[in-house]
Amino acid sequence: MRVRADTLLGLATVALVAAVSLLPMVRLLAEALDPALMAQLTASPAFGRALGRSLITSIGGAAVALLLGTGLALAVGLTDCGGRRWVTAMALLPLLIPSQIIALAWIELLSPNNPLLILLGIAPEAGSPNPLYSPGGIILLLGVEHVPLIFLAVRAALRSVPGELIEAAQAEGAGPGPLLLRILLPLILPALLAAAALAFVACLGNFGIPALLGIPARYPTVPVLIYQRLAGFGPSILAEAGLMALALAAISAAVVLVARTMARARSRVLIGGGGQRPVGLVLPLRRWRRPVTLTLAALGLMMTVLPLLSLLATALTRAYGLPLTAETVTLAHFLRVLAAAQTLRGLVNSLWMSGLAAGLLILLALPFAVVEARAAAPWLRRLLRLFDPIIEAPYALPGVVLGIAMILLLIRPLPVFDVSLYGTAAIILLAYLARFFPLILRPVQAAVRQLDPVLDEAAQAQGAGFWLRLRRVHAPLLLPTAAAGALLVFLTAFSELTVSALLWARGTETIGIVIYFLEEGGDAPGAAALSILCLLIVFGLAGLSTRLPPRLRHLLPWGDA
């Protein structure tokens, strides 16, 4: 019996997705769900303390992100404050900065050895402890890192509110206060709940900030405890590490489910909202315009600009602890880290693994999305749609969960081939494919839905088979969208740390790993220099993305900043 081309392609993509996204999670469940191990871990004081710390810092970080992100989005979206594009750019900047670099930048900002503070004469007293090495410091930086999640959600929710609704309320005499509290906030509450849940989950699985701040403070969270246990005992405690990761996954799933349920219960349907212009200016600031603008500018500077300037100053100063002057400026730290074999290896590894992951995900996302939407067999379309939550899981769950799952799946040699991927770059690449697939698949799926089916039907009427239609009709129209998603994958994976920290081996270290170990080894100027080089690559690519056509630029979170 001859198999249709779309059926063959659909089953092949399902098999690939199952291999990289489903099998690791199944292996994790099979290994970790051991009643004896569960009882042992439940009675472990170290795990109990780490879990409590993870919950405290995640709730606190999500609260800080919710406060800052909502305030910034409301100020930009509803008021006439000055510099709204600049405030938007500052709010979204943490999205491009890896967590370990955010931590390093803030550590330098509040360090007694900060060259800028020493030059200005406002540096803390030499030898004084850095206040960031504390639970409060972890909470603050987790909040700052995840401000973009809240900001983007609130901004999108505000844009979906029809302006006519606000005008009707104003015509009835509603002032700014009632408009905000009784109309706008209830309408954007579902988006706020969903974004707050995502921020909590992202904080729960974060490794870079709790590692750089929590280890010196002896305040390890669960991801840090897993890393320490694996570094100390190796594969012998994989089952225990898997169960700890599974606990994070269960908490994350429960929080997301509760948030979605609450959001669904509070959602509102706006009758006749289609095509209406979105909400515009609601809260004119009048005499408060300048103070609010200055406050927002100061907040934006404190969140990212001043920490990054402090990091740059550390990288440019000849010796750690000297003021930044014309006599102390040097590029020696940049030259030193670039000359190190480990740095070059990490840079090359990050570039080729991130680039290859982005390219392979284009090849996987295009056929998956097209078959899901255009396959002739209804059962095949339903099968691919069933995989949507499976594809989402590795990205939605904490990264440490995927890292442990990949180790458990691939630590033994592959059947038939008798080849082990553990300790090789392939295991990191596979983890990238699983974790970042949604970043490219979702925009491509949306683009396929926007294509007129008449194009496909006309090609069929001319006798074009599925493979020809995929190459000549769908691929040319979808490739620009896929390329924009691939750029986002590359920028996210390039300096990723949480997954790589568990999967790297000698020779496969990524740039994020190298930066982390430089700081952990006490080479703050070297870590700062390498962080600046990493940011130059990321910011450069992000800047080039602003040259994309508007229909593609809006696919990137910072596209209309």
Backbone N or O of [Y] within a donor-acceptor pair of the [X] side chain at under 3.5 Å?
| X | Y | result |
| --- | --- | --- |
| S54 | V222 | yes |
| R435 | P394 | yes |
| S58 | L55 | no |
| R155 | A73 | no |
| S252 | V201 | no |

To the nearest 0.5 Å, tell me how far L429 CG sits from M406 CE.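 Rounded to the nearest 0.5 Å, the CG-CE separation comes out at 9.5 Å.
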Distance from I511 atom CD1 to S495 atom OG, nearest 0.5 Å?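 OG of S495 is found 9.0 Å from CD1 of I511.
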Please state whether the rings of F436 and Y432 are parallel, tilted or perpendicular, taking 30° and 60° as the class boundaries.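 The arrangement is tilted - the two ring planes meet at 30° to 60°.
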Counting only heavy atoms not in R385, do more than 12 fall under 6.0 Å of its CZ?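 Yes.
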Verify whether the ring centers belonging to F368 and F387 lie closer than 6.0 Å.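 No, the ring of F368 stays outside the 6.0 Å limit from the ring of F387, centre to centre.
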Walk me through whether W504 and F517 qualify under ring-ring contact (aromatic ring centres under 6.0 Å, His included). CA-CA 12 Å; W504 77 280; F517 280 121; 5.4 Å; yes
Any donor-acceptor pair under 3.5 Å linking the side-chain atoms of Q342 with those of R345?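 There is no such pair (donor and acceptor under 3.5 Å, judged by atom type) between the side chains of R345 and Q342.
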